[in-house]
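Down below is the structure, laid out as structure tokens.
Below, read A as the first sequence line, B as the second, and so on, with proteins coming before strands; counting in each chain starts at 1.
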Number of protein chains: 2
Amino acid sequence: MARGLKPAQMRTYFALTEAVSLLQHAVQEQLQAEGGLSYVQFEVLAKLVDAERPLTMTELADGVVYSRSGLTHQAGLLENAGLIVRKVSTDDKRATVVDITKAGRVRVAKVLPGHIAVVRTLLYGALSEPDVLVLGDLMARVRDHMRNRPPRSATPRKRARNAD
Amino acid sequence: MARGLKPAQMRTYFALTEAVSLLQHAVQEQLQAEGGLSYVQFEVLAKLVDAERPLTMTELADGVVYSRSGLTHQAGLLENAGLIVRKVSTDDKRATVVDITKAGRVRVAKVLPGHIAVVRTLLYGALSEPDVLVLGDLMARVRDHMRNRPPRSATPRKRARNAD
DNA sequence: TATTGTTATACTCTATAACTATA
DNA sequence: TATAGTTATAGAGTATAACAATA
């Protein structure tokens, strides 16, 4: 259990992290340049578009961000920009229901083609169609495996200060 | 050129980004908890260990961080923590040569097993050995494709303000 | 003039803890 | 008591621009 990674595993890990880092950087730059959106903000809007119904903050937080206050902050920015609206839920008055506005949909529509272009060019420019299927299968399995495993279990220790 | 992504491409993209996001989050938490290191700081130290010689700031910046000032800041933190040393290069007096200290090596050794454990558990827990080879091959091709393509070319526009 | 690196500064993101309100 | 969400606050990361020194 304390043994290392095999050379092939090391190479794969480094290739994966570097490739994804480059991709994320390009994607973030595109979203910022063409829509003034951070990636998280885009995710929130995309999630609302995809859901085709208003979502609660808790539903939105699922998978998007790792703290409630972080989502509250981002939602505040998006609301100030007129891209979403928040109101108290009628079902459960503790809950906040978030809906995307017309302007929000316009913004997503404005940004999406460029976003897709970046992904297609950078990620899929080097892959054949069968490659895409294989990669999708592999990463779906990895993703499902991680989802089913509370991240904390691997790192149960207290948090330390940075680099000291 | 303005067409979208095929369903298989969409699924692959989402699986890839979510899986890597979960992995990165777990990795960052482990590095912070067990070594008080951010991922970038770990990368810098790992790069110095791997190089087996002092590196200039420019060499270090290559692939690690996206601005020189960002690296200067991180190097300052690592130097304050006693994990690296900086001095003026004798070859080119404009250059700064960065070397890892004994304490730096100790820190890497302290953190590495846990880091590897997280990667092995989360990333490779769902993959067979052949899978790892296939994934490594795919991502190496994607990475090389991105490296050879200046990221700016896909997003030539000016930067906008956030979400407004 | 171009390049290496630092500094000053500002902005964004994220997280923790305390708090309100409802279930 | 537990849950949904917000607020206040603080810390960390990153970037731009101006700058100094060297090539």
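For B:Y39 and C:dC13, the OH to P distance is 22 Å, given to the nearest whole Å. For B:L55 and C:dT4, the CG to P distance is 15 Å, given to the nearest whole Å. In this entry the distance linking CG of B:L37 with C1' of D:dA12 reads 14 Å, nearest Å. As a whole-Å value, the separation of B:K87 NZ from D:dT22 P is 17 Å. B:L60 places its CG atom 14 Å from the P atom of C:dT4, with the value rounded to the nearest Å. What separates CG of B:D62 from P of C:dT4 is a distance of 12 Å, to the nearest Å. When the C1' atom of D:dA12 is taken as reference, atom CG of B:L78 falls 13 Å away, rounded to whole Å. The separation between A:L77 atom CG and C:dT14 atom P is 11 Å, rounded to whole Å.
Look at B:S38 and you'll find a side-chain N or O under 4.0 angstrom from OP1 or OP2 of D:dG13. Of the side-chain N and O atoms in B:Q74, one or more sit less than 4.0 angstrom from OP1 or OP2 of D:dT14. One finds no side-chain N or O of A:H25 lying less than 4.0 angstrom from the OP1 or OP2 phosphate oxygen of D:dG13.
The backbone N or O of B:V132 sits less than 3.5 Å from a side-chain atom of A:T12, completing a donor-acceptor pair. Under a 3.5 Å cut-off, the side chain of A:H145 and the backbone N or O of B:L123 do not form any donor-acceptor pair. Counting only distance, with no hydrogens or angles, the side chain of A:E79 and the backbone of A:G76 share no donor-acceptor pair below 3.5 Å.
Each of A:K93 and A:V40 lies near DNA chain C, and the nucleotide nearest A:V40 is the one positioned closer to the 5' end.
Ion pairing between A:D99 and A:R86 fails under the 4.0 Å rule for side-chain N and carboxylate O.
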Fill in: Annotated protein contacts, base or backbone, on nucleotides 3-8 of chain D with a non-hydrogen cut-off under 4.0 Å, one of B, S, - each
BBBBBB
Item to complete: Just do the side chain to side chain donor-acceptor pair (under 3.5 Å) check on B:D92 and B:S89 with the steps written out, would you?
Response: CA-CA 6 Å; B:D92 180 341; B:S89 168; over 6 Å; no
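Within the structure, side chain to side chain donor-acceptor pair (under 3.5 Å) contacts touching residues 46-55 of chain B (residues at least two apart or in different chains) are B:R53-B:E59.
A:H115 pairs by the ring-ring contact (aromatic ring centres under 6.0 Å, His included) definition with A:F42, B:Y13, not counting sequence neighbours.
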